[in-house]
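Just so it is clear: chains get the letters A, B, ... in the order the sequence lines come, proteins before strands, and each one is counted from 1. Treat the numbers as computed from the prediction; the structure is a model and nothing was measured.
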2 protein chains.
Amino acid sequence: MKAQSKVSMKISQLAKVTNVASKTIRYYEDIGLLPAAYRNDNGYREYGNNDIERLVFIRRCRELQIPLEQIKTLIVVQVDPKSSCQEVDALIEQQLDKVRKTIAELTLLEQTLHTLATSCPNDKVGDCQILKNLQQEKPS
Amino acid sequence: MKAQSKVSMKISQLAKVTNVASKTIRYYEDIGLLPAAYRNDNGYREYGNNDIERLVFIRRCRELQIPLEQIKTLIVVQVDPKSSCQEVDALIEQQLDKVRKTIAELTLLEQTLHTLATSCPNDKVGDCQILKNLQQEKPS
DNA sequence: ATAAACCTTCCAGTAACAGTAAGGTCAACG
DNA sequence: CGTTGACCTTACTGTTACTGGAAGGTTTAT
């Protein structure tokens with residue numbers, strides 16, 4: 001069992017250790033992704049260890065481009081010990097699908113752009129093959 | 001010399017032939033990407049051949065994910081016959097760069113997601129490897 | 001005392017539209 | 001002649017995930 005060390009820090013400290021901007025932390029609180037922070041006497045937000053963990057979790061999910069709304073549901077599942085992690089599996093799988101589809105699309109796009117980029121040997125706009133190509137329907 | 005056939009159509013017709021939503025066409029006019037359309041007696045917008053070409057050009061650029069602001073500059077270059085097409089070249093090249101960078105990023109992301117997706121053989125949240133992984137810093 | 005470096009809330013802006021409301025117009029049908 | 005349906009108009013809001021800035025309070029150091 002880990003000792004529950006009682007760290008306490010202000011928002012910019014939390015921002016530094018989690019690598020999430022203060023502004024973003026407040027935003028997450030606004031939209032209910034983070035619980036309302038404890039406030040000390042002067043009204044400043046105070047944070048502890050749990051907040052670090054929660055924020056790191058969120059940041060990791062964001063790095064995987066998981067939308068905030070889905071992170072919300074992940075957190076709900078996470079804190080409920082009797083829920084199955086099928087939902088988590090599904091969400092990650094779905095995210096993977098999305099990323100793969102995007103890669104496929106962008107790869108086609110890369111082809112098109114490359115073809116286009118190498119299509120114009122001229123330097124006057126009147127003769128520009130790029131512009132001419134862009135004026136026509138896709139030859140797909 | 002091409003005959004300047006005098007077609008005339010309303011916005012939904014233009015939308016159909018160019019495959020750009022009426023709403024989007026109005027939006028393009030609002031932001032100055034399209035010139036203010038001619039209005040007939042009842043105040044409806046009327047369009048001709050030039051508008052088709054211009055819109056197809058814009059759509060093609062959008063398919064290449066070129067931002068509207070850059071399309072604006074492309075159009076300026078396009079209509080000025082004495083400008084060089086270096087700017088066009090550069091823009092396409094730049095777009096290609098961006099796409100390639102995004103592909104690279106997404107490919108890494110795909111790896112991470114794939115590893116994550118196959119990391120959890122359990123079905124209770126308490127043991128879920130996916131969640132555990134997400135709670136930690138990236139092991140990069 | 002004052003300046004720097006924090007903190008607070010609130011409002012606006014980003015990109016590229018899509019949705020909706022409220023209302024005007026036009027052609028056809030009965 | 002009335003009305004229905006399919007258009008058209010403007011204007012406003014919502015989307016996603018923040019970021020920037022204004023205006024003001026607090027704390028710390030000099």
Side-chain angles (χ1 to χ4, degrees), chain A residues 8-34 36-47 51 54-55 57-75 91 94-95 98-99 102 105-106 109, chain B residues 8-34 36-48 51 54-55 57-75 91 94-95 98-99 102 105 109:
Chain A
S8 179
M9 52 189 154
K10 296 211 222 3
I11 198 167
S12 66
Q13 259 293 307
L14 180 62
K16 203 172 294 177
V17 305
T18 60
N19 203 24
V20 175
S22 301
K23 201 119 207 194
T24 304
I25 297 175
R26 287 192 205 98
Y27 171 70
Y28 286 167
E29 183 180 325
D30 281 354
I31 63 168
L33 188 55
L34 292 175
Y38 169 80
R39 304 297 184 111
N40 67 16
D41 292 350
N42 52 25
Y44 290 8
R45 290 171 177 84
E46 285 289 340
Y47 295 98
D51 300 300
R54 166 78 53 108
L55 251 187
F57 178 77
I58 294 172
R59 183 172 53 65
R60 284 279 288 138
C61 290
R62 290 298 299 135
E63 283 166 4
L64 303 177
Q65 301 202 6
I66 296 171
L68 296 179
E69 274 309 309
Q70 299 200 346
I71 299 178
K72 269 191 200 176
T73 70
L74 274 184
I75 289 174
L91 200 150
Q94 178 189 327
Q95 192 61 24
K98 245 181 48 190
V99 168
T102 306
E105 278 172 28
L106 289 182
L109 191 50
Chain B
S8 179
M9 53 188 154
K10 296 209 222 7
I11 198 168
S12 66
Q13 258 294 306
L14 180 62
K16 203 172 295 177
V17 304
T18 60
N19 203 23
V20 175
S22 302
K23 198 119 212 194
T24 304
I25 298 175
R26 289 193 204 99
Y27 171 70
Y28 287 167
E29 183 180 325
D30 281 354
I31 63 168
L33 188 54
L34 292 175
Y38 169 80
R39 304 296 184 111
N40 67 16
D41 294 349
N42 51 27
Y44 290 9
R45 289 169 178 84
E46 285 290 338
Y47 295 98
D51 300 300
R54 164 80 51 111
L55 251 187
F57 178 77
I58 294 172
R59 184 173 53 65
R60 283 281 288 140
C61 290
R62 289 298 299 134
E63 284 165 3
L64 303 177
Q65 302 203 6
I66 297 171
L68 296 179
E69 274 309 309
Q70 300 200 345
I71 299 178
K72 269 191 201 176
T73 70
L74 274 184
I75 289 174
L91 200 150
Q94 178 191 328
Q95 191 62 23
K98 244 181 49 188
V99 169
T102 306
E105 278 172 29
L109 190 51

Problem set entry | Donor-acceptor pair, side chain of Arg59(A) and main chain of Val20(A), under 3.5 angstrom | no
Exercise. Can you tell me how far P of dT8(C) sits from CG of Leu14(A), to the nearest Å?
Worked result: 11 Å
Exercise. Can you name the nearest heavy-atom pair linking Ala21(A) to Ala15(A), along with the distance?
Worked result: C-CB, 4.2 Å
Problem set entry | Between P of dA11(D) and CG of Asp30(B), the distance in whole Å | 9 Å
Problem set entry | Protein-nucleotide distance (Ile71(B), atom CD1; dC17(C), atom C1'), rounded to Å | 13 Å
For this session: Look at the side-chain N and O atoms of Arg26(B) and state whether any lies under 4.0 Å from the OP1 or OP2 oxygen of dC17(C).
Result: no
Exercise. About how many Å separate CG of Leu14(B) and CZ of Arg45(B), when rounded to the nearest 0.5 Å?
Worked result: 11.0 Å
Exercise. Expressed in angstrom and rounded to an integer, what is the separation of Ile11(A) atom CD1 from dT8(C) atom C1'?
Worked result: 10 Å
Exercise. Counting side-chain heavy atoms from C-beta on, which of dC7(D), dC17(C), dT27(D) comes nearest to Leu68(B)?
Worked result: dC17(C)
For this session: Report the residue (Tyr44(A) or Tyr27(A)) whose heavy-atom-nearest nucleotide on DNA chain D is the more 5′ of the two.
Result: Tyr27(A)
Exercise. Under a 4.0 Å N-O cut-off, is there an ion pair linking Glu69(A) with Lys72(A)?
Worked result: yes
Problem set entry | Any donor-acceptor N/O pair, Gln70(A) side chain to Leu91(A) backbone, under 3.5 Å | no
Exercise. Below 4.0 angstrom from OP1 or OP2 of dA5(C), is there any side-chain N or O of Ser12(A)?
Worked result: no
Problem set entry | For atom CG of Asn40(A) and atom C1' of dT8(C), their distance in whole Å | 12 Å
Exercise. At under 4.0 Å, does any side-chain N or O of Thr24(A) touch on OP1 or OP2 of dT19(D)?
Worked result: yes
Exercise. Just how far, in rounded Å, is P of dC17(C) from CG of Leu55(B)?
Worked result: 11 Å
Exercise. OP1 or OP2 of dT9(C) sitting under 4.0 Å from any side-chain N/O of Arg39(A)?
Worked result: yes
For this session: May I ask you to evaluate whether Tyr28(A) reaches the phosphate of dA17(D), defined as a side-chain N or O under 4.0 Å from OP1 or OP2?
Result: no
For this session: Report which part of the nucleic acid Ile31(A) touches: base, sugar-phosphate, or nothing (heavy-atom distance under 4.0 Å, all strands).
Result: nothing
Exercise. To the nearest Å, how far apart are Lys10(A) NZ and dT28(D) C1'?
Worked result: 10 Å
Problem set entry | Nearest to side-chain heavy atoms of Arg45(B), which nucleotide of dA16(C), dG25(D), dT9(D) | dT9(D)
Seminar exercise, completed: In whole angstroms, the gap separating P of dA6(D) from CD of Gln13(B) amounts to 16 Å
Exercise. Does Asn42(A) make a side-chain N or O approach to OP1 or OP2 of dT27(D) shorter than 4.0 Å?
Worked result: yes
Problem set entry | Nucleotide nearest Lys23(A) (side chain, heavy atoms from C-beta), chosen from dC18(D), dC10(C), dT9(D) | dC10(C)
Exercise. Quick one: is dC18(D) close enough that its OP1 or OP2 comes under 4.0 Å of any side-chain N or O from Arg59(A)?
Worked result: no
Problem set entry | Check ion pair Glu63(A)-Arg60(A) (N to O, under 4.0 angstrom) | yes
Problem set entry | Toward the 5' end of DNA chain C, by each residue's nearest nucleotide, Gln65(B) or Gly43(A) | Gly43(A)
